[in-house]
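Everything on this sheet refers to the single structure shown next.
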Amino acid sequence: MSAGCAVMLLLVSCHRRETLPVQLIPAPVSLEQRPGSFACGPGTQIIYQGGAEALGEAEYLATCLRIPTAYPWEVAEGAPGKDRIALLLDPGFRDMSGQESYSLEVFGSQAVVMAGHPDGLFRGIQTLLQLMPPEVFSPEPVQGVEWKIPCCRITDQPRFSWRGMHLDVSRHFFPVDFIKRYIDLIAMHRMNVFHWHLTDDNGWRIEIKKYPLLTEVSAWRVDREDEPWRSPTPPKPGEPATYGGFYTQEEIREIVQYAADRHITVIPEIEMPGHTSEVFAAYPELSCTGKKLYVQPGSYWPNNDIFCAGKEETFEFLENVLTEVMALFPSEYIHIGGDEADKTRWKACPLCRKRILDEGLADEDELQSWFIKRMEMFLQSKGRKLIGWDEILEGGLAPEATVMSWRGFEGGFEAARQGHDVVMCPTSYCYFDYYQADPDFEPEAIGGFTTLKKVYSFEPVPEGLSGTESRHILGGQGNVWTEFIPNPEHAGYMALPRMTALAEALWSPKELRNWDNFRSRLDAHFKRLDQMKVNYSKGSWKVDIRPDIQPGGSYGISLETEQPGYPVHYTLDGSDPTTTSPLYDGPLTIDTTTAIKAVIFVDGFLKEKVSSKTVHFHLATGKRAFLKTEPSERYFGNGVNSLVDGMTGSGSFRDGYWIGFEGKDLELEIDLGTDMPVQEITAGFFQQTGAWIFMPAEVTFILVPSGGDTVASVTEKPETTTEAIGAVTEPVTAVFDNIHARFVRVHARNMGACPSWHEGAGNPAWLFADEVIVR
Ligand code: ACM
Ligand code: ZN
């Protein structure tokens with residue numbers, strides 16, 4: 001009998017006591033699975049206890065279930081019983097710990113969710129939905145599904161109280177309907193905060209009745225959607241501003257209510273003092289210069305134009321705006337931005353200088369601190385709390401401010417030390433506008449490299465905080481900045497499944513965090529997202545083609561993915577792999593320059609785009625090499641092996657193929673093992689001045705025979721100038737006349753400090769290198 005038949009028999013004979021898979025994300029605190037299931041049918045009722053609040057949750061659940069099942073799901077007050085899903089709200093259960101805790105028990109003919117607070121009841125309902133077949137997430141009726149809920153007992157509560165997702169609607173505008181879908185996703189992941197980044201240089205998105213020009217003027221820019229974000233053509237005289245949009249106050253109320261119905265708090269962000277140039281397109285008198293600007297159709301950097309801190313009109317404006325904002329958003333917190341404010345204008349402004357004098361402030365940092373403290377006093381007078389990006393630490397934190405730590409963990413660490421609450425969202429784990437797989441094969445992103453596995457490893461509480469201090473870490477948040485995310489479909493691609501990994505990092509007990517176990521539940525979760533028609537990324541199935549150099553000198557190529565357990569098919573002849581291509585089962589040996597392609601098939605279908613890399617097999621490939629200077633720990637790649645592994649880097653310096661030296665030269669020696677004729681040496685370098693990475697000033701290539709002295713030395717300079725815009729890679733080559741040598745030395749001289757015109761003037765310049773190819 002084949003294995004397939006055995007499984008069939010088992011299913012038939014165990015029908016009544018079958019154990020259906022339970023694959024919940026985030027993982028609950030405790031789950032005890034039992035054999036059997038509760039099969040819901042057209043007569044199944046939703047019963048509630050606990051008054052109007054419980055009724056609200058029952059109605060929500062009924063609405064969720066009626067669509068896909070096409071059953072009536074009658075809602076009534078009553079007691080748990082046969083063929084019923086009971087939702088029991090009783091403040092007595094609150095001692096279960098915190099208002100989001102719940103318990104859920106499924107028996108052969110009924111289910112019971114209990115909580116002490118409506119928040120907990122709602123989170124329990126989300127878990128109940130995930131226990132059901134994935135079609136329960138369909139926005140349309142689905143035929144032929146058995147609506148079974150596996151028998152189990154769950155008790156659950158979140159680890160952190162702030163489990164957020166952010167969305168920037170300034171860089172690109174997103175319609176109301178998408179905002180609701182985004183909130184649905186937050187809800188299904190048992191997250192509870194939606195941070196709505198409503199204003200920035202590229203458009204003001206919230207109707208403010210007192211300042212109609214904010215939506216008549218500041219919400220619209222000239223359409224440069226077909227041009228590079230970082231270098232759009234400025235508006236032409238008289239050109240209409242047609243790209244943009246805004247949310248009316250009515251729409252905002254609708255969204256805030258929609259989120260509240262899902263027990264999600266919407267935190268509005270109104271940027272100040274910087275990232276506000278769009279305001280000066282409508283109200284130029286509020287800036288230091290008073291100059292009328294246009295709304296930026298692309299990146300605006302540095303952020304020079306900021307609110308004048310010397311003018312009382314600025315504060316009158318901001319207080320009036322925040323008054324309308326607070327009337328729309330009941331959240332305890334109001335986010336005032338505070339990030340990346342360039343102080344150039346403040347330095348030059350007589351009114352700002354006067355303010356510094358009058359208030360006895362030391363400098364512009366203290367002026368920013370004074371500005372934020374003043375806004376905090378205003379918010380506090382209305383019973384609200386201020387939250388801002390970690391730059392609000394500069395010049396001194398406002399007394400009660402909460403800090404959103406994005407530039408790393410350090411700002412949050414410092415704020416917690418000072419006794420302030422903190423939300424952690426460091427770029428390295430929480431910026432979902434970063435690449436999630438090999439940039440060579442991904443739609444253009446802002447940069448970075450944050451894989452699903454990396455997000456899953458996010459630990460919001462930094463080491464070194466005391467118990468009391470660590471209680472100030474409220475939780476974390478995923479940030480979706482939309483410079484390179486022009487539409488809802490792409491927002492789904494960037495946010496998911498990284499948001500799924502983040503949800504578990506923020507909800508589940510630290511001890512339960514286990515990547516392999518998470519992976520095993522992810523397929524079920526993808527089926528849910530498929531039903532919701534979310535265009536999530538499969539980047540985690542991308543095959544990484546990696547060199548494998550063993551200390552003994554053996555050289556091979558390994559094919560890795562974040563999803564081991566799936567078969568990887570590959571080719572070595574440049575053709576696209578098929579299901580009949582060889583299966584990978586260990587490092588590949590190659591001895592010539594080879595184009596490798598690899599991919600995962602599941603049920604005959606490509607799981608993700610094909611990966612391809614050309615491995616340059618040359619005299620130095622896999623040879624022993626030594627570095628006199630260490631690369632930075634942050635950009636260490638594979639250490640010195642990165643320079644002789646046959647692999648060149650991509651257009652992203654964070655891809656793991658590049659290694660970086662901060663302020664230092666690259667001094668490399670390769671041992672070819674024996675004397676060989678050398679005709680050419682090429683070393684690859686990278687420049688991206690915005691990231692303080694520059695070409696080397698010059699590169700010297702030296703050949704040394706065994707037991708001898710230098711026989712040849714050539715010095716070359718890169719052609720790329722420091723003024724070159726964007727990311728540039730340049731191979732620097734030296735040519736030799738078949739000179740016999742065993743040792744190849746490469747000395748790339750770092751240009752030292754960033755040049756005087758550069759924002760990092762005087763600071764150490766970075767030097768990045770990938771492969772040294774010897775022929
Ligand atoms: C930020 O990413 N500028 C907060
Ligand atoms: Zn000023």
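When a ligand or atom number is given, it counts from 1 through the structure's own listing order. Computed from a predicted structure; not experimentally measured.
- R355 and E312 are joined by a salt bridge, as a carboxylate oxygen and a charged side-chain nitrogen come within less than 4.0 angstrom of each other.
- The atoms of ligand 1 that sit less than 4.0 Å from any heavy atom of E340 are 3 (N).
- Here D200 contributes atom CG and S218 contributes atom OG; the two are 12.0 Å apart, rounded to the nearest 0.5 Å.
- Rounded to 10°, the angle formed at the Zn ion (ligand 2) by SG of C349 and SG of C288 is 110°.
- Using cut-offs of 30° and 60° on the angle between ring planes, the pair W481 and W389 is tilted.
- Angle subtended at the Zn ion (ligand 2) by C308 SG and C352 SG: 110°, rounded to 10 degrees.
- Considering backbone and side-chain atoms together, W389 places no N or O closer than 3.5 Å to any N or O of ligand 1.
- Nearest to atom 3 (N) of ligand 1 among the protein's heavy atoms is D339 OD2, 2.6 Å.
- In terms of polar-atom proximity, Y431 is counted as a contact of ligand 1, with an N or O under 3.5 Å from an N or O of the ligand.
- No donor-acceptor pair closer than 3.5 Å links the side chain of S405 to the backbone N or O of D390.
- For ligand 1, the atoms sitting less than 4.0 Å from at least one non-hydrogen atom of W481 are 1 (C), 2 (O), 4 (C), numbered in the order shown with element in parentheses.
- Taking the six-membered ring where the residue is Trp, Y283 and Y211 present perpendicular rings, their angle passing 60° and hence far from 30°.
- A salt bridge links D184 to R181: one of the charged nitrogens lies within less than 4.0 Å of a carboxylate oxygen.
- Considering backbone and side-chain atoms alike, W406 places every N or O at 3.5 Å or more from each N or O of ligand 1.
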